[in-house]
Amino acid sequence: PFGFALSPKIVCRMFNDSSMTVRTPSYMPFIMVYHRVKFPILKRYNMFKPFMQVKPTFFMSYKYGHHSNGAGGSYYVPGTKEVNLRDGNFATDYTEAAISFLSGDTITKKVDLLSGRLGFEYHVGWNREPQMRDSYYYERISLELRFLLFDRITVVPILSGMYGKEGFKPKYASDTYISFRPFPRKSDIAVFAKVYIGPDYYNLRYTNTMRFVSFGFLLEPKGLAIIK
């Protein structure tokens, strides 16, 4: 069995400015195909037994995406190597292949490794802003794990490394998400905290380092799919 996902994703950031508080939004549409895969060796040896009592289900996913900001100005401020944050052009296309696994039991467990994902992303040359060559990554490797603790707490660490052409200094990011479900048997409502340390993911501002903590509310069923 296989499936596909199509997303017209758009990310906007509001700035503390008297006018034009939203500038150069990130247009991030993508299409993805995924399917279930089987590993015969796991039928004889459950390699995940120390972490999962039930053998996991594996999926492969393949994504093609685009990321741009809709601006048309020079990427750099003319005559400098400073990124033009006002109206500089940002554009790149990428592909990604990822393998994910989902626990065979995400509903009744109270302490478990629920899921995981290992992905490799590669940015192709066409439609890429030429001046981004040595300031934006070409390859990214990411690892995501989802743990359930005491039936109420979900911890999701996401680690990634970004690498580029000659002249690009590798960058690394840590994105940790923690949620708490106060009434796990009656409701999927949860409160969450997110801690991010790494390069700014808002198009032109990638060259900046960002550290932040955010809080909020969400609905979080325990049986989550691994499609991102």
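Quick caveat, the model's predicted, so the values are computed rather than measured.
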What is the distance from atom [atom1] of [X] to atom [atom2] of [Y], rounded to the nearest 0.5 Å?
X	Y	atom1	atom2	result
Leu114	Phe101	CG	CZ	9.5 Å
Met14	Cys12	CE	SG	9.0 Å
Phe180	Ile153	CZ	CD1	6.5 Å
Ile197	Thr209	CD1	OG1	10.5 Å
Ser100	Arg146	OG	CZ	11.0 Å
Asn69	Leu85	CG	CG	10.5 Å

Are [Y] and [X] linked, directly or through intermediate hydrophobic residues, by side-chain heavy-atom contacts shorter than 4.5 Å (ILVMFWY only)?
X	Y	answer
Ile99	Leu113	yes
Tyr201	Ile158	no
Tyr122	Ile141	yes
Val191	Phe150	yes
Ile10	Tyr202	no

Heavy-atom side-chain contact between [X] and [Y] under 4.5 Å:
X	Y	answer
Lys9	Pro29	no
Glu139	Phe120	yes
Tyr172	Pro199	no
Tyr75	Met132	yes

Salt bridge or not for Asp200 and Arg13, using N-O below 4.0 Å?
yes
Looking at Glu144 and Arg117, is there a salt bridge between them, counting it only when a charged N and a carboxylate O are closer than 4.0 Å?
no
Do other residues, nucleotides or ligands put more than 12 heavy atoms under 6.0 Å from the CZ atom of Phe217?
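Open: at most 12 neighbouring heavy atoms sit under 6.0 Å from CZ of Phe217.
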Just checking Tyr137 against Tyr206, ring centres under 6.0 Å apart?
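Here the rings of Tyr206 and Tyr137 have centres that are less than 6.0 Å from each other.
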When the aromatic ring centroids of Tyr136 and His123 are compared, is their separation below 6.0 Å?
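Between Tyr136 and His123, the centre distance is under 6.0 Å.
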Arg128 charged N/C atom sitting above Tyr138 aromatic ring, 6.0 Å / 45°
yes
Think Lys194 forms a cation-pi with Tyr177, using NZ or CZ under 6.0 Å from the six-ring centre and within 45 degrees of its axis?
no
Is the backbone of Gly73 close enough, under 3.5 Å, to the side chain of Asp87 for a donor and an acceptor to pair up by distance?
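No, the answer is negative, given that no donor and acceptor are paired below the 3.5 Å cut-off.
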Could you check Val83, Val77, Asn84 and say which one makes a side-chain contact (heavy atoms from CB on, under 4.5 Å) with Thr80?
Val77
side-chain contact (heavy atoms from CB on, under 4.5 Å), paired with Ser61, selected from Phe2, Tyr34, Phe4:
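The option that passes is Tyr34.
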Testing the 3.5 Å rule here: is there a donor-acceptor pair between the side chains of [X] and [Y]?
X	Y	answer
Tyr62	His35	yes
His67	Thr92	no
Tyr196	Thr176	no
Asn203	Ser26	yes

Parallel, tilted or perpendicular: ring planes of Trp126 versus Tyr64, cut at 30 and 60 degrees:
parallel
